[in-house]
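So the structure is just underneath, and the comments pick up after that.
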There are 2 protein chains.
Amino acid sequence: MAKHKTKIPQIIIRRLPVYYKILKQLKSSSKDYVSSQDLAKLTGFSSSLIRKDLSYFGTFGRKSYGYDICCLFNQIGQIMGFDKQKNLIIIGAGHLGRALAYNRGYQERGYNLKAVFDKNSKLIGEKINNLKVRDINDLEKYLGNTPILVAALTIDNNAAQKITDRLIAAGIKAIWNFTNVSLKTPAEVLVEDQIINQGLCHLSCKLKQNDCLEFH
Amino acid sequence: MAKHKTKIPQIIIRRLPVYYKILKQLKSSSKDYVSSQDLAKLTGFSSSLIRKDLSYFGTFGRKSYGYDICCLFNQIGQIMGFDKQKNLIIIGAGHLGRALAYNRGYQERGYNLKAVFDKNSKLIGEKINNLKVRDINDLEKYLGNTPILVAALTIDNNAAQKITDRLIAAGIKAIWNFTNVSLKTPAEVLVEDQIINQGLCHLSCKLKQNDCLEFH
DNA sequence: TTTACTTTGTTAAAAAAATAACATACTTTA
DNA sequence: TAAAGTATGTTATTTTTTTAACAAAGTAAA
């Protein structure tokens with residue numbers, strides 16, 4: 001299926017989830033096929049770019065028809081590795097950690113949320129979406145018994161690096177970082193920084209450019 | 001302060017929040033100045049790119065010293081319009097809406113969280129971070145009395161477009177969209193899609209490329 | 001004061017990304 | 001079966017973005 005052995009350009013990786021999202025919506029529509037032009041309207045990318053992106057991975061379209069929605073959806077899922085199972089834990093059972101625990105969308109992406117940890121004894125033992133909050137002191141013991149690939153970090157900034165070091169020592173391969181700390185990790189451990197306020201930054205920036213911020 | 005009248009390239013807008021985040025961390029360090037090389041290490045961008053990005057907005061550096069951390073932090077905040085006040089409401093008091101209600105980081109970006117709405121009568125009246133959850137039926141009345149620029153949308157997908165239409169009719173200028181729906185809005189209303197699982201998609205994609213997904 | 005060093009801001013060059021254009025292949029209709 | 005129409009996949013072109021290079025300006029040390 002993979003047409004290229006070379007690394008997928010970051011810029012394409014960033015668009016894949018957008019295609020995936022749109023295709024998921026289209027799946028529940030009455031149509032079976034979608035053209036690059038339709039996708040252009042829905043994504044805001046040009047049809048040319050969309051065809052080019054998709055052709056990077058193979059030949060999915062059907063001339064004069066477009067792309068089979070279901071087929072393309074599955075293909076893009078596979079390209080992103082959603083067909084492979086990945087265990088996930090959440091560190092930090094605060095408001096954000098809790099919201100992530102209730103997040104739907106893990107399963108279809110191949111993620112299995114296995115545990116939630118916190119240091120606060122008041123929270124330990126509480127059930128969040130059917131998962132018992134575990135004691136952060138038991139982290140190493142747990143990771144020794146259960147192979148976990150990814151950890152979501154929703155803890156205080158000042159604890160972020162320390163917990164990261166422990167996670168790495170225990171063999172975690174990737175961190176979904178919701179803290180405001182720039183984590184130091186070895187090159188082989190992936191970090192995905194999720195700047196929660198990024199969207200607000202963009203909006204503020206664009207509102208300013210549109211002169212929406214003058215009097216209010 | 002603004003050097004250019006032309007629109008800031010999207011690609012630079014995307015990097016501004018990263019600079020902002022790093023500078024905020026640096027502010028609480030002992031150093032007063034930071035060089036583009038230091039910033040390169042912290043951001044992962046090249047020092048050349050950083051100098052170019054910053055020079056797009058003006059001349060902030062000091063030769064052979066680098067950039068005054070506090071000064072640059074404030075400048076970038078201003079460039080993004082954080083010095084202008086923006087009222088914000090949250091639609092949807094579920095787990096995610098709740099997490100957003102507790103989000104710190106509004107104030108320093110010039111956002112004032114003014115209200116939270118929900119349709120669920122069990123939630124209406126409840127206090128979340130000192131804000132009483134309001135009845136979504138009162139949305140128009142509220143917006144008629146209070147000027148609100150931005151609405152965060154943390155509701156079910158199937159209600160998303162309907163609520164969006166109401167928000168737009170009531171004069172909202174920007175939507176921070178956490179739903180999985182591609183919202184249809186007039187060109188002058190900004191939409192910032194926050195695909196909550198985007199980070200997981202990227203991680204899955206990269207883990208796959210690093211051959212971390214084979215056996216597990 | 002002079003020399004060596006540092007780091008910016010900017011220009012030039014290279015690389016990457018996006019767009020436009022179009023030949024090809026398939027579909028539909030007559 | 002032929003003609004008209006559609007939409008892909010790919011190549012060529014343009015545009016954007018990034019990197020590299022360096023002069024200019026300031027600092028620090030001798």
Side-chain angles (χ1 to χ4, degrees), chain A residues 1-4 6-19 22-23 26 31-73 75-76 79 202 205 209, chain B residues 1-4 6-19 22-23 26 31-73 75-76 79 202 205 209:
Chain A
M1 182 219 65
K3 196 172 153 192
H4 297 253
T6 52
K7 239 175 45 176
I8 308 170
Q10 179 68 30
I11 196 94
I12 297 187
I13 292 186
R14 268 210 301 260
R15 284 191 292 262
L16 290 177
V18 180
Y19 296 132
I22 299 282
L23 287 165
L26 286 170
K31 291 169 64 180
D32 290 328
Y33 284 83
V34 65
S35 69
S36 59
Q37 232 175 94
D38 296 340
L39 284 173
K41 265 185 212 119
L42 292 163
T43 59
F45 312 146
S46 78
S47 64
S48 190
L49 178 60
I50 291 168
R51 289 201 300 282
K52 207 153 190 236
D53 276 356
L54 297 180
S55 78
Y56 183 88
F57 300 104
T59 303
F60 304 124
R62 189 171 155 193
K63 292 239 163 82
S64 99
Y65 257 74
Y67 301 90
D68 181 304
I69 290 169
C70 280
C71 172
L72 189 58
F73 175 79
Q75 289 282 359
I76 290 181
I79 290 164
H202 293 175
C205 209
Q209 291 199 69
Chain B
M1 182 217 64
K3 196 171 153 193
H4 297 252
T6 52
K7 239 176 43 177
I8 308 170
Q10 179 67 31
I11 196 91
I12 297 186
I13 292 186
R14 268 210 302 260
R15 283 191 292 261
L16 289 178
V18 180
Y19 296 133
I22 299 281
L23 287 164
L26 287 170
K31 290 171 62 181
D32 289 329
Y33 284 84
V34 65
S35 70
S36 59
Q37 232 174 95
D38 297 339
L39 284 173
K41 267 186 212 118
L42 292 164
T43 59
F45 312 146
S46 78
S47 64
S48 190
L49 179 59
I50 291 168
R51 288 201 301 280
K52 203 144 193 244
D53 276 355
L54 298 180
S55 79
Y56 184 88
F57 300 104
T59 302
F60 304 124
R62 190 173 153 193
K63 292 239 163 82
S64 97
Y65 258 74
Y67 300 90
D68 181 305
I69 290 169
C70 280
C71 172
L72 189 58
F73 175 79
Q75 289 283 0
I76 290 182
I79 289 164
H202 292 175
C205 210
Q209 292 199 68

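Note that this is a predicted model, so its numbers are computed, not measured. Sequence lines set the chain letters: A, B, ... in the order given, protein chains first and strands last, and positions in each chain run from 1.
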query = Starting at CZ of B:R15 and ending at P of D:dT18, how long is that distance when rounded to a whole Å?
reply = 4 Å
inquiry  = In whole Å, I'd like the distance from the CG atom of A:L39 to the P atom of D:dT6.
reply    = 18 Å
Of the listed nucleotides C:dA12, C:dA18, C:dG9, the one nearest the side chain of B:S55 = C:dG9
key: Pairwise 5' ranking along DNA chain C for B:S48 and A:F45, keeping only the more 5' one   = B:S48
message = Less than 4.0 angstrom between a side-chain N/O of B:S64 and OP1 or OP2 of C:dT8, yes or no?
response = no
note = For A:P17 and A:I13 the tightest heavy-atom approach is CD-O, 3.0 Å
ask   = For DNA chain C, whose closest nucleotide is more 5', that of A:K63 or that of B:Q37?
value = B:Q37
key: Least distance between heavy atoms, B:I79 atom then A:C205 atom   = O-SG, 4.3 Å
Distance, nearest 0.5 Å, that separates OH of A:Y67 from CG of A:L54 = 5.0 Å
query = Expressed in angstrom and rounded to an integer, what is the separation of A:Y65 atom OH from D:dT8 atom P?
reply = 13 Å
inquiry  = Could you check whether any side-chain heavy atom of A:K31 comes within less than 4.5 Å of a side-chain heavy atom of A:I69, counting everything from C-beta outward?
reply    = yes
key: Rounded distance in Å - CZ (A:R62) to C1' (C:dT24)   = 16 Å
inquiry  = How many whole angstroms separate atom CZ of A:R51 from atom C1' of C:dT19?
reply    = 10 Å
task = Would you please test B:F57 and B:I8 for side chain to side chain contact (heavy atoms under 4.5 Å, CB included) and show each step?
result = CA-CA 9 Å; B:F57 300 104; B:I8 308 170; 3.6 Å; yes
query = What's the CD1-P distance between A:I8 and C:dA16, to the nearest Å?
reply = 16 Å
Short side-chain N/O contact to C:dT8 OP1/OP2 from B:S36, under 4.0 Å = yes
ask   = Rounding to a whole Å, what distance do you find between B:I50:CD1 and C:dT10:P?
value = 17 Å
inquiry  = Within the 4.0 Å heavy-atom criterion, would you say A:S47 contacts the bases, only the backbone, or no part of the nucleic acid?
reply    = nothing
Nearest listed nucleotide, side chain of B:Y67, among C:dG9, D:dT19, C:dT19 = C:dG9
key: Rounded interatomic separation in angstrom, taking CG from B:L49 and C1' from C:dA15   = 13 Å
